[in-house]
Amino acid sequence: DQQVKQNSPSLSVQEGRISILNCDYTNSMFDYFLWYKKYPAEGPTFLISISSIKDKNEDGRFTVFLNKSAKHLSLHIVPSQPGDSAVYFCAASAPQGGSEKLVFGKGTKLTVNP
Amino acid sequence: NAGVTQTPKFQVLKTGQSMTLQCAQDMNHNSMYWYRQDPGMGLRLIYYSASEGTTDKGEVPNGYNVSRLNKREFSLRLESAAPSQTSVYFCASSDQGWGTEAFFGQGTRLTVV
């Protein structure tokens with residue numbers, strides 16, 4: 001049973017517009033949520049995170065929103081740029097015997113058209 | 001600063017052959033992970049190690065073994081490769097607690113024929 005779900009396999013937006021990537025989770029023990037970006041033939045790289053005690057975290061063009069009651073988070077990219085075209089993974093972590101185990105969603109492929 | 005280094009980058013195996021994927025990190029991280037990425041499946045955790053000397057199964061551990069050789073190194077072994085293990089394998093490391101940002105290696109593309 002998938003604990004972190006990204007229900008949109010792909011998303012296409014125009015350069016300069018907003019990109020909104022969504023993620024749902026089922027495990028109420030998750031206490032930290034992260035977004036990773038992945039280009040082809042490279043490893044994922046960390047983008048932005050949010051702890052479960054907050055509902056918003058902003059870093060430049062990237063903002064993550066967390067709705068704990070709905071078990072939903074979203075990543076907003078404003079304005080979108082062609083270089084943002086990549087696969088975005090939502091991830092969540094829960095305490096696991098002293099370690100934080102990271103669980104990933106299946107990813108959303110974002111294409112930003114010039 | 002190398003970060004997380006995986007070797008090899010590419011490998012082709014015949015069914016039944018064995019091999020070990022190597023991973024090393026130079027960030028003094030406590031936790032290390034092995035993931036596989038398959039089309040449409042995202043990143044699935046194979047094994048992880050919370051600290052030197054400990055390992056735990058992830059979501060898809062069957063057919064794999066791991067060794068946390070020391071704090072820097074975490075290897076993944078396929079004892080008898082199967083075509084279903086054709087995948088891209090990523091090693092990652094992170095610190096514990098807050099800031100569980102994980103740093104990933106470049107990946108190993110494995111094909112089992």
Side-chain angles (χ1 to χ4, degrees), chain A residues 1-10 21 23-27 29-54 57 59 62 64 86-109, chain B residues 2-7 9-10 21 23 25 27 29-61 68 71 74 88-109:
Chain A
D1 183 32
Q2 202 172 18
Q3 298 183 66
V4 178
K5 300 177 183 179
Q6 294 177 257
N7 293 319
S8 298
S10 63
L21 294 91
C23 178
D24 297 295
Y25 62 95
T26 57
N27 188 345
M29 295 299 292
F30 287 142
D31 62 354
Y32 211 67
F33 302 89
L34 308 93
W35 285 92
Y36 285 81
K37 179 177 175 179
K38 185 183 180 305
Y39 292 118
E42 295 184 10
T45 55
F46 170 76
L47 188 59
I48 192 170
S49 64
I50 188 168
S51 78
S52 58
I53 62 173
K54 295 186 175 182
N57 188 27
D59 184 2
F62 304 92
V64 57
V87 176
Y88 289 79
F89 291 100
C90 172
S93 70
Q96 194 91 13
S99 176
E100 300 274 352
K101 189 170 81 168
L102 290 175
V103 180
F104 284 80
K106 293 185 178 182
T108 297
K109 184 177 182 180
Chain B
V4 178
T5 303
Q6 289 182 237
T7 55
K9 287 188 169 51
F10 301 94
L21 281 64
C23 175
Q25 52 93 6
M27 294 170 284
H29 285 164
N30 290 305
S31 300
M32 296 187 74
Y33 310 82
W34 276 105
Y35 289 90
R36 60 179 287 175
Q37 185 191 14
D38 302 294
M41 298 299 291
L43 287 160
R44 292 185 293 170
L45 183 64
I46 305 171
Y47 271 93
Y48 69 103
S49 170
S51 60
E52 184 179 352
T54 68
T55 60
D56 287 287
K57 294 178 180 180
E59 181 185 356
V60 288
R68 184 72 182 268
K71 193 169 186 180
F74 189 37
V88 181
Y89 292 85
F90 290 101
C91 176
S93 71
S94 71
D95 228 341
Q96 289 180 323
W98 293 121
T100 54
E101 169 190 350
F103 294 80
F104 283 80
Q106 294 276 67
T108 296
R109 185 173 292 276

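Interface check for chain B: of the options A/K109, A/K38, A/Q6, A/K106, the most heavy-atom pairs under 4.5 Å are formed by A/K106.
Residue B/Y35 touches chain A through its side chain alone, counting heavy-atom pairs closer than 4.5 Å. Contact annotation for B/L43: both backbone and side-chain heavy atoms come within less than 4.5 Å of a heavy atom of chain A. For A/A41, the part lying under 4.5 angstrom from a heavy atom of chain B is the backbone only. For A/P44, the parts sitting under 4.5 Å from any heavy atom of chain B are the backbone and the side chain alike.
Under the side chain to side chain contact (heavy atoms under 4.5 Å, CB included) criterion, B/E59 pairs with B/R44, not counting sequence neighbours. Listed by chain and residue number, nothing satisfies the salt bridge (Lys or Arg N to Asp or Glu O under 4.0 Å) test with B/D56 (two or more places apart in sequence, or in another chain).
With values rounded to the nearest 0.5 angstrom, A/F89 atom CZ is found 4.5 Å from B/Q37 atom CD.
Of all non-hydrogen atoms in A/L102 and B/L45, the two that sit nearest each other are O-CD2, 4.3 Å.
When atom types are taken as modelled, the side chain of A/Y36 and the backbone of B/A102 share a donor-acceptor pair closer than 3.5 angstrom.
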